[in-house]
Amino acid sequence: MGKVRAAADPAEPVRPAGGPAAGYTFRAAAEWAEFGAVIDLAYGGHPHSPAHSAVVGALFEPKRSLVACYGGRPCATLAGYALEMTLPGGPVPVAGIGYVAVAPPHRRRGLMRELLRRALTALHEERAEPVMVLHSTEPGIYGRFGFGVASQAVEVSVPPEARAFSADVDTAGLVMDVGSPEDAGAVVADIYRACLPQRPGLLRRDAAWQRRAVEDEPEGRHGAGRLLCMVVSGPGGEARGYALYRLRPAWERSRPRYALSVREVFARDPAAYAFVWRSLLDTDLAGTVSAAARPVDDPLLALLDDPRSAAPTVRDQLYARAVDLDRALSARTYSAPVDVVLEVRDAMCPWNTGRWRLAADAYGKAACVRTRAAADLVLSARDIGAVLLGGGSLVQLAHAGRVTELRPGALSAASTAFRHDPAPFCPMSF
Ligand SMILES: CC(C)(COP(=O)(O)OP(=O)(O)OC[C@H]1O[C@@H](n2cnc3c(N)ncnc32)[C@H](O)[C@@H]1OP(=O)(O)O)[C@@H](O)C(=O)NCCC(=O)NCCS
């Protein structure tokens, strides 16, 4: 048996130390269509449908997106997005990346690393967004590049026998209506906008991102019906909450046990929130009511009398890293005053390596500057990423041996200051 060699690879490229293999060129993307062939191959021969391509293509920002070429043809991609995301303290510009994909013959030659290095270096040199965020297909990929798990999501499945809940709120006069997300578009946008500043991780949505949020291509339904929108309104007719969900028909011994899956729920107040969930759980024909991703501190878990039966399962969700440590750490607010010297290791963005003094006042406002003072905590860029949005815990990371405390008391103070209530959550994929 001879050695298996990639067809597109006439001569095994030589990978110089620290860089990608020889023979590759890198440039800004020209148009969304360039990504199609690479993504199709990278994700196992599932080309985007024209409808889905139109939705994600409308979000495409060619100047921020990169391709690697071999023999003049794109073989690796990285899409960049200028986003605005709520951090502790309010909305901040962040750089999103997605569609990091390398065609199979060109893998493990350093192309992903080089695309990321270029994207991060450009943001640093242009003093653009101070934070980079992404959703990862696999959890093992991005830690080495200084990304930490910045938010977690919890999956819940409420079986019919565990639908009871206790809401000590006044839902009198609330009514619900069900229609299409398109018809409820303005209501969805308004309620989402009202909720946006409250939870780190939420993304501002313009019309194109809103379209992505309510996208409902038939290929994505997997046997379920079309996406529905439930709107809850108050006695005066004012819309106060909504849910996006769908039903997949299923029968058990001649009884309807439709699977109701919830994509999104937002509400202006606790009564509307409880009413939306009560209405979802009371849906006729429904068996199990599930949601693949909810915040880890979702009020639903406090409303259910038997949250154990909902089998909450936590997983990593958004990954974040500081592009420039000083700008990233001063872009957010802190939950308690803190004055701490961080010694940071950052191989991917070496300009962040060194000692930084982070000082936050009683209002949560912070400054972060280089210092020669002795370090209080030693940690990596990945650990900073894990606490950047107010989730994660420096104490937990220290107990895992990833953060080292050099001044007694510094760990607890910094951990408290970084934490944020409510927990970060990013339901929008990109
Ligand atoms: C994941 C993917 C982008 C990696 O691209 P690549 O060019 O082969 O990656 P690189 O050669 O730059 O690898 C850089 C490092 O990441 C590691 N790595 C690459 N893919 C990995 C994976 N799937 N899981 C864990 N580690 C991975 C490499 O081993 C290498 O580690 P090292 O620096 O310690 O030696 C590519 O395999 C791919 O397109 N996969 C399918 C699409 C996908 O999952 N994309 C990720 C979207 S978030």
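Computed over heavy atoms, backbone and side chain alike; hydrogens, waters and symmetry mates excluded. We count residues from 1, following the sequence as given. For ligands, and for the atoms within them, numbers begin at 1 and follow the listed sequence.
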Undergrad: So between L115, T137, I141, L111, whose heavy atom ends up nearest atom 24 (N) of ligand 1?
TA: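 Ranked by closest heavy atom to atom 24 (N) of ligand 1, first place is I141.
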Undergrad: Kindly give the heavy-atom pair with the smallest separation between V100 and M112, and that separation in Å.
TA: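 Scanning both residues completely, I find the closest heavy atoms to be CG1-CG, 3.8 Å.
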Undergrad: For F145, does the six-membered ring have the charged nitrogen or CZ of R113 within the cation-pi criterion, i.e. under 6.0 angstrom from the centroid and within 45° of the normal?
TA: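 No, R113 does not lie over the aromatic ring of F145.
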Undergrad: Say whether H135, considering both its backbone and side-chain N or O atoms, lies within less than 3.5 Å of an N or O atom on ligand 1.
TA: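 No.
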Undergrad: Within 45° of the six-membered ring axis of Y192 and under 6.0 Å from that ring's centre, is NZ or CZ of R205 located there?
TA: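 Ring-cation test returns yes.
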Undergrad: Looking only at distances, can you tell me whether any N or O atom of A101, backbone or side chain, sits closer than 3.5 Å to an N or O atom of ligand 1?
TA: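 It does not: no N or O of A101 is found under 3.5 Å from an N or O of ligand 1.
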Undergrad: On the six-membered ring of Y319, is R321 placed so that its NZ or CZ lies under 6.0 angstrom from the centre and within 45° of the ring axis?
TA: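 Output no; distance or angle outside limits.
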Undergrad: Which option out of R107, R113, M112 puts a heavy atom nearest to atom 4 (C) of ligand 1?
TA: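 Going through R107, R113, M112 one by one, M112 has the nearest heavy atom to atom 4 (C) of ligand 1.
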Undergrad: N/O of F145 under 3.5 Å from N/O of ligand 1, yes or no?
TA: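 In this structure, F145 places no N or O atom under 3.5 Å from an N or O of ligand 1.
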Undergrad: Among E114, R144, H106, R117, which one puts a heavy atom closest to atom 18 (N) of ligand 1?
TA: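 Nearest heavy atom to atom 18 (N) of ligand 1 lies in R144.
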Undergrad: Please confirm whether Y99 approaches ligand 1 to less than 4.0 Å, judged on its heavy atoms.
TA: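 Contact absent.
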Undergrad: Mind checking whether R117 and F26 have side chains closer than 4.5 Å, heavy atoms only?
TA: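 A side-chain contact is absent here, since even the closest heavy-atom pair is not under 4.5 Å.
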Undergrad: Which atoms form the tightest heavy-atom contact between G392 and V387, and what is the distance?
TA: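 The pair with the smallest heavy-atom distance is C-CG1, 4.1 Å.
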Undergrad: Of all heavy-atom pairs between R332 and A417, which one has the smallest distance, and what is that distance?
TA: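 Where R332 meets A417 most closely, the heavy atoms are NH2-O, 3.6 Å.
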Undergrad: Does an N or O anywhere in E138 fall below 3.5 Å from an N or O of ligand 1?
TA: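 Between E138 and ligand 1, an N or O pair is found under 3.5 Å apart.
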Undergrad: Mind checking whether S136 has an N or O less than 3.5 Å away from an N or O of ligand 1?
TA: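 In this structure, S136 places no N or O atom under 3.5 Å from an N or O of ligand 1.
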Undergrad: Testing the basics here: between A320 and L388, what is the closest heavy-atom pair and its distance to 0.1 Å?
TA: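 Closest pair (atom of A320, atom of L388, distance): CB-CD2, 4.4 Å.
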Undergrad: Counting each atom of ligand 1 from 1 as listed, which ones have a heavy atom of Y142 under 4.0 Å away?
TA: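 Listed by number with element: 46 (C), 47 (C), 48 (S).
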Undergrad: Do any nitrogen or oxygen atoms of A42 lie less than 3.5 angstrom from nitrogen or oxygen atoms of ligand 1?
TA: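 N/O-N/O distance under 3.5 Å: no.
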Undergrad: Between the main-chain N or O of L196 and the side-chain N or O of T86, is there a donor-acceptor pair closer than 3.5 Å?
TA: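 Here the side-chain-to-backbone pair exists.
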Undergrad: Quick one: does ligand 1 sit under 4.0 Å from the side chain of R109, the backbone, both or neither, non-hydrogen atoms only?
TA: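 For R109, the contact with ligand 1 is made by the backbone alone.
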Undergrad: Which atoms from ligand 1 have a heavy atom of G110 less than 4.0 Å away?
TA: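 Per the distance check, 10 (P), 11 (O), 12 (O).
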